[in-house]
Protein chains: 2
Amino acid sequence: MAVSIKDIAKVAGVAPSTVSRALSDHPRISRETRERVRRIAREMEYTPSLLARSLVKQDTATIGVVITSVSDPFLTNVVTGIEEVAQEQGYSVLLSSSYLDAKRELEVVSSFHGRRTRGIIVIGSQIDTGYLHMRDRFPLPIVLTNCPIYPYSVSTDNPASARQAVEHLIQLGHRRIAYIANRRSYRSNLDRLTSYHQVLEAQRIPVDEDLIIEGDGTLGGGNAAVEALRSRTRPPTAVFCFNDMTAIGVLSALRQAETRVPEEMSVVGFDDVEFAAYCHPPLTTVRQPTDLMGQRLMRMLLALIRGQEDVEPEVLPGELVIRESTGDPPLPA
Amino acid sequence: MAVSIKDIAKVAGVAPSTVSRALSDHPRISRETRERVRRIAREMEYTPSLLARSLVKQDTATIGVVITSVSDPFLTNVVTGIEEVAQEQGYSVLLSSSYLDAKRELEVVSSFHGRRTRGIIVIGSQIDTGYLHMRDRFPLPIVLTNCPIYPYSVSTDNPASARQAVEHLIQLGHRRIAYIANRRSYRSNLDRLTSYHQVLEAQRIPVDEDLIIEGDGTLGGGNAAVEALRSRTRPPTAVFCFNDMTAIGVLSALRQAETRVPEEMSVVGFDDVEFAAYCHPPLTTVRQPTDLMGQRLMRMLLALIRGQEDVEPEVLPGELVIRESTGDPPLPA
DNA sequence: TTGTAGGCGTTATCAT
DNA sequence: ATGATAACGCCTACAA
């Protein structure tokens with residue numbers, strides 16, 4: 001049994017309420033009892049029960065963050081940004097992973113509610129717009145990433161960023177451009193795919209559905225996609241990948257197939273995870289402003305917790321980072 | 001204000017205790033009131049307060065896990081393994097990051113105590129043996145990774161694994177082998193460095209202190225180490241890196257310097273993170289059995305929570321995975 | 001089978 | 001300045 005305020009009270013020969021006041025620095029208490037109680041508390045290694053405190057205060061000063069998986073490289077700065085603002089505002093952060101599974105995501109959300117967090121941030125949600133319907137039934141504010149349809153969300157400008165990426169390839173002279181999708185990320189994938197279509201159409205380049213490949217946003221998925229790509233009768237000269245993980249998987253598979261990048265095939269990713277700059281060749285990609293996203297997510301959630309009415313979705317610009325995985329298309333044989 | 005058991009009681013026209021029994025499936029309750037109360041609870045979107053429940057039950061059924069940082073690729077399976085066993089045993093997992101900072105680590109540990117978790121797992125601790133002294137002052141059991149000196153720990157056999165790695169290089173014919181250390185990981189680093197020394201001595205190869213380079217376990221650290229390496233009057237023909245991140249940083253820097261791997265320089269990592277197989281060239285490395293570690297960590301913590309007395313440190317074997325970043329040394333000029 | 005009452009560790013209100 | 005008391009939401013004897 002952990003030491004409680006009552007134990008201290010007994011030792012100090014005062015009432016429990018006095019101990020509480022001493023520890024919480026209440027104005028109406030004598031300096032000497034305060035110091036004495038504090039000393040005893042320290043000696044007894046007292047650590048206040050947040051459970052009890054939260055119960056009576058009706059506030060846990062805690063928020064919950066659902067991540068896709070520990071060690072999703074995309075998350076680093078997002079979570080750091082969240083924690084930064086949270087700490088500054090006196091909030092604690094509870095973290096749990098959804099493993100990209102909708103059922104598990106809902107379980108986590110529900111467990112956060114059970115713990116009486118004040119609000120929830122879901123990164124890479126599988127439920128997505130499903131939260132729209134939950135909004136009146138569920139008592140906690142929920143903020144999402146990359147789902148601009150949802151009113152409480154912080155997103156990278158997927159359409160514009162994806163457009164930049166595809167236009168970059170077209171400017172280099174590519175005409176046959178593949179897209180490797182991510183079936184596990186409905187919303188972002190749709191945005192990026194739509195831009196892909198739009199840019200090609202705007203440039204009057206016919207869209208070849210054979211060049212749109214199913215993927216899953218993982219290294220292995222990128223790897224597998226290359227096989228599909230190479231089986232096409234008219235293979236592409238460039239690949240736009242849903243994310244960097246996919247792109248790095250693609251790079252690895254191309255290397256094994258002895259296809260040179262970018263001489264024979266250009267590759268573009270999305271996210272700009274740390275590894276992207278350390279690949280071979282260093283990856284051309286779209287940078288998402290992850291640290292900023294984290295900060296904005298937390299600020300938006302705080303606004304909702306405080307009952308602000310004027311909260312609106314935020315869209316942040318992405319940035320095309322041109323490295324060495326893209327270049328001119330090969331000369332036609 | 002969230003809906004409580006009292007609210008349900010009012011609506012159902014019964015006492016709060018009856019609601020409690022209905023929801024917790026108590027034996028002495030009529031089937032019909034139970035069903036009725038449950039239906040009402042569902043309709044009211046009742047979610048029990050874990051705060052209150054934990055307080056009265058004197059058990060949160062929760063453990064805390066301190067990780068170095070979200071998206072440390074080493075963590076994936078460790079955390080998955082922990083959560084697997086935790087779920088199976090009815091425990092929840094709280095996650096928080098130390099950012100490799102001792103002060104922050106202690107804050108997290110303390111906050112877990114405040115939340116009354118039943119025990120704590122610290123992955124990649126900065127405190128390390130410091131927990132030895134805390135053991136009687138601190139009321140929660142703490143389990144560590146890769147700190148076999150500490151009685152409650154699960155480790156990869158660092159000495160034996162590192163020995164394998166260095167012996168592999170020597171067998172290939174290397175004599176000038178560098179080691180890139182990690183100043184942020186005292187214990188594991190020391191073990192690996194010691195093995196490095198021992199193997200060289202056993203083979204009567206003089207140790208050149210110039211070939212032991214400071215690093216920090218990051219991509220950038222590996223990158224920077226190469227510069228130091230190249231400045232040596234007699235550069236090495238092989239590099240043993242503290243971990244894969246370092247090794248991947250090294251590969252990237254060598255590529256920029258147009259040093260071919262493995263023809264001109266062999267590189268060995270440690271961990272076998274997922275990226276290791278997708279590098280160029282695919283990285284020779286030591287696999288840590290991370291999923292198993294996670295499971296064992298959780299089982300050990302459970303044993304301690306249950307008051308078992310016979311808990312002993314566990315050491316699991318690592319495995320050298322030979323890929324394509326190691327080969328014969330270049331012929332002397 | 002159901003209701004009443006006490007308590008988990010804390011804070012806050014009201015006396016003293 | 002300090003003590004007594006009630007309350008937060010829940011569980012669990014004990015009583016009915």
Side-chain angles (χ1 to χ4, degrees), chain A residues 1-38 40-41 44-62 90 92 111-118 139-140, chain B residues 1-38 40-41 44-62 111-118 139-140:
Chain A
M1 211 63 61
V3 27
S4 83
I5 228 171
K6 284 186 193 168
D7 303 322
I8 300 173
K10 249 174 225 154
V11 174
V14 297
S17 51
T18 305
V19 176
S20 174
R21 278 188 285 251
L23 294 173
S24 60
D25 216 10
H26 192 88
R28 283 204 293 270
I29 193 164
S30 73
R31 174 189 300 275
E32 60 176 332
T33 39
R34 192 185 47 190
E35 296 312 324
R36 194 165 54 86
V37 167
R38 291 195 164 203
I40 294 174
M44 296 177 74
E45 308 272 341
Y46 170 71
T47 305
S49 164
L50 295 182
L51 301 176
R53 199 207 298 268
S54 301
L55 191 59
V56 60
K57 285 233 190 182
Q58 291 292 82
D59 180 8
T60 53
T62 298
S92 298
S111 98
F112 282 153
H113 181 200
R115 291 200 138 77
R116 294 298 185 265
T117 59
R118 298 297 303 273
L140 299 182
Chain B
M1 210 63 62
V3 26
S4 84
I5 227 172
K6 281 186 196 168
D7 304 322
I8 301 173
K10 252 175 224 155
V11 174
V14 298
S17 53
T18 306
V19 176
S20 173
R21 279 188 283 251
L23 295 173
S24 61
D25 220 9
H26 191 88
R28 283 203 294 270
I29 193 166
S30 74
R31 175 189 299 275
E32 60 177 332
T33 37
R34 192 185 46 189
E35 296 312 324
R36 195 165 54 87
V37 167
R38 290 194 165 203
I40 294 174
M44 297 178 71
E45 308 272 341
Y46 170 70
T47 304
S49 165
L50 295 182
L51 300 176
R53 179 178 297 177
S54 301
L55 191 59
V56 60
K57 285 234 189 178
Q58 291 292 83
D59 179 8
T60 52
T62 299
S111 98
F112 282 153
H113 182 200
R115 292 200 137 76
R116 294 299 185 265
T117 60
R118 298 298 302 274
L140 298 181

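As a basis for the values below, the full set of heavy atoms in this structure was taken, side chains included, without hydrogen atoms, waters or symmetry mates. In the text below, chain A, chain B and the rest are named by the order of the sequence lines, each starting its count at 1.
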Polar side chain donor-acceptor pair, B/Thr33 to B/Ser30, under 3.5 angstrom: yes
A/Thr62 side chain to B/Arg115 side chain, donor-acceptor N/O pair below 3.5 angstrom: yes
A/Met44 side, atom CE; A/Lys10 side, atom NZ - distance, nearest 0.5 Å: 9.5 Å
Point-to-point distance, once rounded to the nearest 0.5 Å, from CD1 of A/Ile40 to CD1 of A/Ile8: 8.0 Å
Can you tell me the distance, in whole Å, between the [atom1] atom of [X] and the [atom2] atom of [N]?
X: B/Arg28; N: D/dC14; atom1: CZ; atom2: P; answer: 11 Å
X: A/Asp59; N: D/dG9; atom1: CG; atom2: C1'; answer: 16 Å
X: B/Ile29; N: D/dC11; atom1: CD1; atom2: C1'; answer: 13 Å

Presence of salt bridge, A/Asp59 and A/Arg116, under 4.0 angstrom: no
Nucleic acid contacts of residues 48-57 of chain B, taken as heavy-atom distances under 4.0 Å to DNA chain C: B/Leu55, B/Val56
Interface residues of residues 14-26 of chain B with DNA chain C (non-hydrogen, below 4.0 angstrom): B/Val14, B/Ala15, B/Ser17, B/Thr18, B/Arg21
Would a distance-only check, ignoring hydrogens and angles, find a side-chain to backbone donor-acceptor pair under 3.5 Å from [X] to [Y]?
X: A/Thr117; Y: A/Phe112; value: yes
X: A/Ser54; Y: A/Leu50; value: yes
X: A/Arg53; Y: A/Pro48; value: no
X: B/Ser24; Y: B/Ser20; value: yes

Where chain B begins and ends its contact with DNA chain C, read 5' to 3' at 4.0 Å from heavy atoms: C/dT1 to C/dG9
5′-ward residue of the pair B/Thr33/B/Gln58 relative to DNA chain C: B/Thr33
Stepwise side-chain contact (heavy atoms from CB on, under 4.5 Å) check, A/Asp7 with A/Tyr46: CA-CA 9 Å; A/Asp7 303 322; A/Tyr46 170 71; over 6 Å; no
